[in-house]
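For reference, the structure I am asking about is given below.
The chains referred to below are lettered A, B, ... by the order of the sequence lines, with proteins before strands, and numbering in each begins at 1.
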Amino acid sequence: MPELIEVEMFRAAAEAVVGRTVSRVDAPDSWFLKHGLSADVLGAAVLGAEVLAATRRGKLLMMPMSSGAVLGLRFGMTGRLAVDGRMPIERLEFSSRRVDPAWVRFELEFVEGGCLSIIDPRRLGGVELDPDVSTLGPDASTVTVDELRSALGRSAAPLKAVLLDQHRLAGLGNLLVDEILWRSRLDPLRPARSLDPDEQRALARSIRSTVQVLTRRGGSHTGDLQVARVPGAACPRCSAPLDRRTVGGRTTYSCPQEQT
DNA sequence: ATTGTGGCCTGCCCGC
DNA sequence: TGCGGGCAGGCCACAA
């Protein structure tokens with residue numbers, strides 16, 4: 001599913017439309033427009049406007065427009081981006097690899113030609129105007145120890161729940177967090193505040209390096225733990241039977257031997 | 001405020 | 001072969 005790695009691929013693809021001017025907006029699904037946004041208001045904000053940039057914070061893709069508005073795109077777990085008919089991600093974990101025309105939830109066309117669209121079968125993504133970035137934590141791909149320490153804070157919540165909380169740290173989803181905690185040998189259920197300074201330092205480093213490595217491999221589903229994310233599987237490192245639990249409301253795989 | 005839970009969305013896979 | 005139930009996770013509303 002789109003976590004920060006996939007959204008970064010979308011962002012890079014969206015760079016292609018920077019400098020182009022919007023000639024048409026298609027938003028056929030009002031559910032997909034968030035925070036009370038209407039197709040009319042959206043049209044007024046982006047029609048005739050030039051795309052100034054393609055930026056990202058966590059899983060949020062942003063396109064500042066020459067009108068002053070900022071277009072915010074979210075992909076949920078099943079949304080994909082297409083730019084000029086090409087999709088940077090052909091296969092998305094947990095989503096269909098087909099492209100049904102009915103799944104095009106949002107589309108921009110440009111005066112210069114080409115288009116940018118979101119294909120989302122399950123409609124878990126969305127489009128918003130002037131997204132409030134201040135509610136997002138620092139981006140996980142570049143998180144520093146200090147940033148991580150303040151994200152963990154004095155929280156008694158499970159470590160995994162805090163890492164998934166986009167308000168505290170932006171960009172990590174279920175697969176990445178499981179991979180990071182497995183690589184860090186940390187129990188997802190550990191209270192977030194229980195990490196000592198050495199563990200905080202190691203975790204911050206692991207977050208950055210795991211994002212980097214999995215980006216190079218091609219996605220958040222390319223972790224070493226991924227093959228074992230099935231009931232009854234064994235730890236790829238020590239062969240102990242993995243725990244399968246629900247933590248932070250998500251299916252969680254971890255090694256009871258190594259992750260403490 | 002903090003933390004946990006349930007619901008929403010719907011294609012796909014499994015078992016009957 | 002068809003059908004129904006369960007599952008997937010990002011996000012938000014809501015409750016304690």
- request: With DNA chain C as reference, determine whether A:His35 or A:Leu124 sits nearer its 5' end, using the nearest nucleotide of each.
  value: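 Whichever sits nearer the 5' end wins; that is A:Leu124.
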field: Close side-chain approach of A:Asp165 and A:His167, heavy atoms under 4.5 Å
entry: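 Result yes, sub-4.5 Å side-chain heavy-atom pair found.
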- request: Please tell me which of the listed nucleotides, C:dA8, B:dC9, C:dC11, lies nearest to the side chain of A:Gln166?
  value: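 Out of C:dA8, B:dC9, C:dC11, the nucleotide with an atom closest to A:Gln166's side chain is C:dC11.
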message: I want to check one thing: is the phosphate of C:dG9, taken as OP1 and OP2, less than 4.0 Å away from some side-chain N or O of A:Arg229?
response: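 The answer is yes; a side-chain N or O of A:Arg229 sits under 4.0 Å from OP1 or OP2.
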message: Expressed as a whole number of angstroms, how long is the span from A:Leu163:CG to C:dG10:P?
response: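 After rounding, the reported distance stands at 13 Å.
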query: So, is A:Trp103 close to the B:dT10 phosphate, meaning a side-chain N or O under 4.0 Å from OP1 or OP2?
result: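 It does not, given that no N or O in the side chain of A:Trp103 lies less than 4.0 Å from OP1 or OP2 of B:dT10.
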message: Under 4.0 Å, heavy atoms only, any strand: does A:Arg105 hit a base, just the sugar-phosphate, or nothing?
response: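 Nothing, no nucleic acid heavy atom in range.
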- prompt: Tell me: CD1 of A:Ile119 to P of B:dC9, nearest whole Å?
  reply: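 Going from A:Ile119 (CD1) to B:dC9 (P), I get 21 Å.
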- request: Give A:Thr78 one of three labels, base, sugar-phosphate or nothing, depending on what nucleic acid heavy atoms sit under 4.0 Å from its own.
  value: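 It contacts nothing in the nucleic acid.
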field: Which nucleotide in B:dC9, B:dG11, C:dG9 has an atom nearest any side-chain atom of A:Trp31
entry: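 Selected nucleotide (nearest to the side chain): B:dC9.
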message: Taking any heavy-atom pair under 4.0 Å as a contact, classify A:Arg250: base, sugar-phosphate, or nothing.
response: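 Base contact.
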message: Between A:Thr252 and A:Arg244, is the side chain to side chain donor-acceptor pair (under 3.5 Å) condition met? List the steps.
response: CA-CA 6 Å; A:Thr252 300; A:Arg244 181 185 190 273; over 6 Å; no
field: Rounded interatomic separation in angstrom, taking CD from A:Glu128 and C1' from C:dG10
entry: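 Atom CD in A:Glu128 sits about 13 Å away from atom C1' in C:dG10.
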message: Is there a side-chain contact between A:Lys59 and the phosphate of C:dC11, meaning an N or O under 4.0 Å from OP1 or OP2?
response: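 For C:dC11, OP1/OP2 do have a side-chain N/O of A:Lys59 under 4.0 Å.
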- request: Check the side chains of A:Tyr253 and A:Arg229 for a donor-acceptor pair under 3.5 angstrom, ignoring hydrogens and angles.
  value: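 Absent: no donor and acceptor within the cut-off.
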message: What is the distance, to the nearest angstrom, from the CG atom on A:Asp120 to the C1' atom on B:dC9?
response: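 It works out to 9 Å between those atoms.
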query: For A:Arg80 and B:dG11, what is the distance between atoms CZ and C1' respectively, to the nearest whole Å?
result: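 After rounding, the reported distance stands at 12 Å.
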task: Could you work out which one of C:dC11, C:dG10, B:dT10 sits closest to the side chain of A:Glu3?
output: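 Looking only at side-chain atoms, A:Glu3 lies closest to C:dG10.
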task: Specify the separation, in whole Å, of atom CG of A:Leu172 and atom P of C:dG10.
output: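 Nearest whole value for this atom pair: 10 Å.
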Please tabulate the protein-to-nucleotide N/O contacts below 3.5 Å involving nucleotides 3-5 of chain B, giving atom names and distances.
{"unit_1": "B:dT3", "atom_1": "OP1", "unit_2": "A:Ser155", "atom_2": "OG", "d": "3.2"}
{"unit_1": "B:dT3", "atom_1": "OP1", "unit_2": "A:Ala156", "atom_2": "N", "d": "2.6"}
{"unit_1": "B:dT3", "atom_1": "OP1", "unit_2": "A:Ala157", "atom_2": "N", "d": "3.4"}
{"unit_1": "B:dT3", "atom_1": "OP2", "unit_2": "A:Ser155", "atom_2": "OG", "d": "2.9"}
{"unit_1": "B:dT3", "atom_1": "OP2", "unit_2": "A:Arg168", "atom_2": "NH2", "d": "3.3"}

- request: Output yes when A:Lys59 and A:Glu3 qualify as a salt bridge under the 4.0 Å nitrogen-oxygen rule, no when they do not.
  value: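 Result for this pair is no, no salt bridge flagged.
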- request: Counting heavy atoms from C-beta on, name the nucleotide in C:dC11, B:dT10, B:dC8 closest to the side chain of A:Arg123.
  value: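 The nucleotide sitting nearest to the side chain is B:dT10.
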field: Nucleotide B:dG11, atom C1' - distance to CZ of A:Arg122 in whole Å
entry: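 To the nearest whole Å, that distance equals 5 Å.
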- prompt: Where the side chain of A:Gln259 meets the backbone of A:Cys255, is there a donor-acceptor pair that is under 3.5 Å apart?
  reply: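 Yes: the side chain of A:Gln259 pairs with the backbone of A:Cys255.
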- request: Quick one: pull up CZ in A:Phe106 and OG in A:Ser117 and give me the separation to the nearest 0.5 Å.
  value: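 Between atom CZ of A:Phe106 and atom OG of A:Ser117 there are 9.5 Å.
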query: Any Lys/Arg nitrogen of A:Asp120 or A:Arg123 sitting under 4.0 Å from an Asp/Glu carboxylate oxygen of the other?
result: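 Between A:Arg123 and A:Asp120 there is no salt bridge, as every charged N stays at least 4.0 Å from the carboxylate O atoms.
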NZ/NE/NH1/NH2 to OD/OE distance under 4.0 Å, A:Arg80 and A:Glu6: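 Judged by the 4.0 Å cut-off on N to carboxylate O distance, A:Arg80 and A:Glu6 do not form a salt bridge.
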- request: Using atom CZ of A:Arg74 as one end and atom C1' of B:dC8 as the other, report the distance to the nearest whole Å.
  value: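 From A:Arg74 CZ to B:dC8 C1': 16 Å.
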